[in-house]
Amino acid sequence: MDWRAKYAERETTPDDAVRRIPRGKHIQLSSGAAVPTALVAALGRNAAHFADNTIVHLMTFGPAYHVAPEFQEHFRHNAFFIGANVRSAVHEGRADYTPVFLSRIPALIRARRMPVEVVLVQCTPPDKFGYVNLGVSVDIMLAGLDTAALAIAEINPHVPTVHGAGYVPMERFDHWIYNDAPLVEHESPPPDEVSMEIGRNVSTLIENRSTLQLGIGAIPDATLLALGEKGDLGLWTEMFSDGVLELIERGVITGKHKTTHPGKVSASFTFGTRKLYDFIDRNPMFTFHPSDYINDPVRISQQHRMIAVNSALEVDLTGQVCADSIGTKFYSGIGGQVDFIRGASMCPGGKPIIALPSTAKSGEVSRITATLTEGAGVVTSRGDVRFVVTEYGIADLLGKSIRERAVALISIAHPDFRAELLAAAKGRHYVFEDQVEPRGRYPREVERAIETRAGRRVLLRPVKATDEPALVQFFYALSDNTIYKRFLRVMKGVSHAELQYFVDVDYQESLALILETQEPDQDPAVIGVAQYFLDRASGFAEVAFIVKDEWQGQGLGRILFEELLHQAQANGIRGFTANVLFENRVMMHLFQRSGLEISSSLEDGVYRLRMPFRAAEPA
């Protein structure tokens, strides 16, 4: 029998369907692009029928008639996540906001802590077995269907059928309407250059075979664009949008190494363009499950190399993350941020990431702040946060003191605000009184992996203001002989002031490079450093470098020198000077083999070298 004939006695019109909803009841709507648009419009047309009805849902798209000022005596909206269509109503006090972890909402609905008595869903027509499919919105809907006394379906043939847990027997619905209308679409504009730079920074933290959680917006889209050279990535994410399609088609996202649902994209809802909806329709690569399953921190932690990328509105110098409010005005919601941050933190090889632009309001306001704006709430605590990423770099806060956190976060703030942030940090005694202001933009493009003669992999990169603790460890691992050859004097210790001089670089007139180990399951350790500092009067820069004793003889000094030479030429420096002990034949030999013209003089057992660059030598 045709399904329409079988369930003919339950078919009704949108207006008749909503008028069957009793007054004073809580009504749950499908989320995102699955919002039942015909039923929502009918709510608005029949507002006079209602009194004290509460409408709940995650973020939806399209008109939200129920939050119109003229309907405030009839409907009260309660947002679990504030979207653009209800934000003004929340700000004006005509709607409510409930801060809650997305992973907990289904259990709270089932326990009737968050009561749901009526459910309005958009779904597919029933299949030959009598099941409809919730399509693009599974998330918290099954919990509502489990507890609601009245369930009304808006059956729409445009809803894609998505594999997973989103099948519901048609018998579950008391009434249904038919609405042959395209789903609401959401097309993100191309990411701007700031977002692209953030995405490139985030991509450096993502290894092949990692499992990703990404949301929607400019930064997630930019991150996906930067992952084209990665391999065998997986997706375990509360939601996704069109940005994943190209990576799936190119074979970058395969899910091959996911722990749960290998070979599939696991999510609970999605929204995007018609292309996306067509792509996921009956596609066995996709499996949708409820929020208490996908957002469960324990299950997240079990995924292979879980990388969670979330956004924020501001981050203070201690690492507190505000993501749901601008001061006292609620803007969005907690959503799944904490679920995924904690899950990724517990995952072996996992990385929780907060990514945000360094400024807001066209550069007028810093998003890295001395303290959170008055009234702003903490979504991710300073104890949960690890990586914070802006267009100016990456701050790794794991296991770091307040002093180290403040320096790291100031380093990735916009340069226009660093002096102000540093002064605030000094005023609160977060940092040393003589702490220098981080300068310049960290040149990520200089980073490169190197294989030594012994076959070990190391990373060459520019120094950061946060490298001071690692440099202390490096210094005390050096032999007295190596220290004497580098500094031309006996040194029993290294002071904070001396290390400040080393890390106080602008990456042009002054530059320092580090070589650090890249051993599996071990923190990086500094094994070599090199630096140059420009003398503006002469246009020459003094150069020096040092390699840890047990790593000497593997060509690392030559690698450091050649990279310094390349960077100095690119930055318009005229040449190098150096001071070398008479007995330091290895260093003299390295300079002599550089191809530079060398003039020297010997004074008190020290060679004073001058090495001009050839004018025709390309940078």
Side-chain angles (χ1 to χ4, degrees), residues 30-37 58-62 121-125 127 131-139 141 154-167 179-191 199 210-228 230-258 260-291 293-294 309:
S30 295
S31 311
V35 59
T37 54
L58 297 179
M59 185 177 67
T60 63
F61 294 109
V121 305
Q122 182 173 225
C123 59
T124 67
D127 60 19
Y131 282 81
V132 302
N133 188 274
L134 297 180
V136 297
S137 172
V138 175
D139 47 73
M141 297 312 299
E154 181 172 314
I155 292 177
N156 186 345
H158 293 269
V159 175
T161 296
V162 184
H163 294 292
Y167 288 94
N179 183 28
D180 187 350
L183 268 64
V184 177
E185 296 187 48
H186 177 86
E187 185 168 3
S188 300
S210 296
T211 306
L212 308 181
Q213 175 250 333
L214 293 164
I216 186 171
I219 293 175
D221 286 350
T223 300
L224 289 166
L225 289 172
L227 298 178
K230 306 290 183 179
D232 283 331
L233 300 177
L235 278 181
W236 182 281
T237 181
E238 64 192 30
M239 64 82 56
F240 62 89
S241 193
D242 289 68
V244 307
L245 299 186
E246 182 180 351
L247 294 184
I248 291 173
E249 292 171 336
R250 292 174 55 184
V252 175
I253 293 176
T254 65
K256 187 183 298 184
H257 298 276
K258 279 175 61 190
T260 311
H261 310 150
K264 298 181 183 296
V265 172
S266 306
S268 64
F269 65 98
T270 186
F271 47 82
T273 66
R274 185 73 242 179
K275 178 182 178 182
L276 173 68
Y277 305 147
D278 291 341
F279 191 86
I280 66 175
D281 186 31
R282 295 177 173 82
N283 188 332
M285 188 176 185
F286 295 87
T287 181
F288 279 22
H289 297 270
S291 298
Y293 180 88
I294 293 293
V309 183

Quiz item: Quick one: are Leu225 and Pro191 in side-chain contact, heavy atoms under 4.5 Å?
Solution: yes
Quiz prompt | is_close_aromatic(Phe286, His163), centroid dist under 6.0 Å | solution = no
Quiz item: Quick one: CG on Asn133 to CG on Asp127, what's the gap to the nearest 0.5 Å?
Solution: 8.5 Å
Quiz prompt | Interatomic distance, Arg282 atom CZ to Thr124 atom OG1 [nearest 0.5 angstrom] | solution = 7.5 Å
Quiz item: Can you name the residues that form a side-chain contact (heavy atoms from CB on, under 4.5 Å) with Glu185, not counting sequence neighbours?
Solution: Thr273, Arg274, Tyr277
Practice problem: Could you tell me which non-hydrogen atom of Ile253 sits nearest to which non-hydrogen atom of Met285, and how far apart they are? | Solution: O-CE, 3.5 Å
Exercise. Step through it carefully: locate the ring centre of Phe240, locate the ring centre of Phe271, and say whether they are under 6.0 Å apart.
Key: no
Quiz prompt | Val159 side chain reached by Asn156 side chain, heavy atoms, under 4.5 Å | solution = yes
Quiz item: Do Ser241 and Ile216 come close enough that some side-chain heavy atom pair is under 4.5 Å?
Solution: yes
Quiz item: Quick one: are the ring centres of Phe288 and Phe269 less than 6.0 Å apart?
Solution: no
Exercise. Quick one: pull up CG in Asn179 and OG1 in Thr37 and give me the separation to the nearest 0.5 Å.
Key: 5.0 Å
Quiz item: When rounded to the nearest 0.5 angstrom, what distance separates NZ in Lys258 from CG in Leu235?
Solution: 7.5 Å
Exercise. Side-chain contact test, heavy atoms from C-beta onward, threshold under 4.5 Å: evaluate it for Leu233 versus Ser210 and give yes or no.
Key: yes
Quiz prompt | Atom pair CG/CG of Asp242 and Leu276 - distance to nearest 0.5 Å | solution = 4.5 Å
Quiz item: Using a distance-only test with no angle check, is there a side-chain donor-acceptor pair under 3.5 angstrom linking His261 and Thr287?
Solution: no
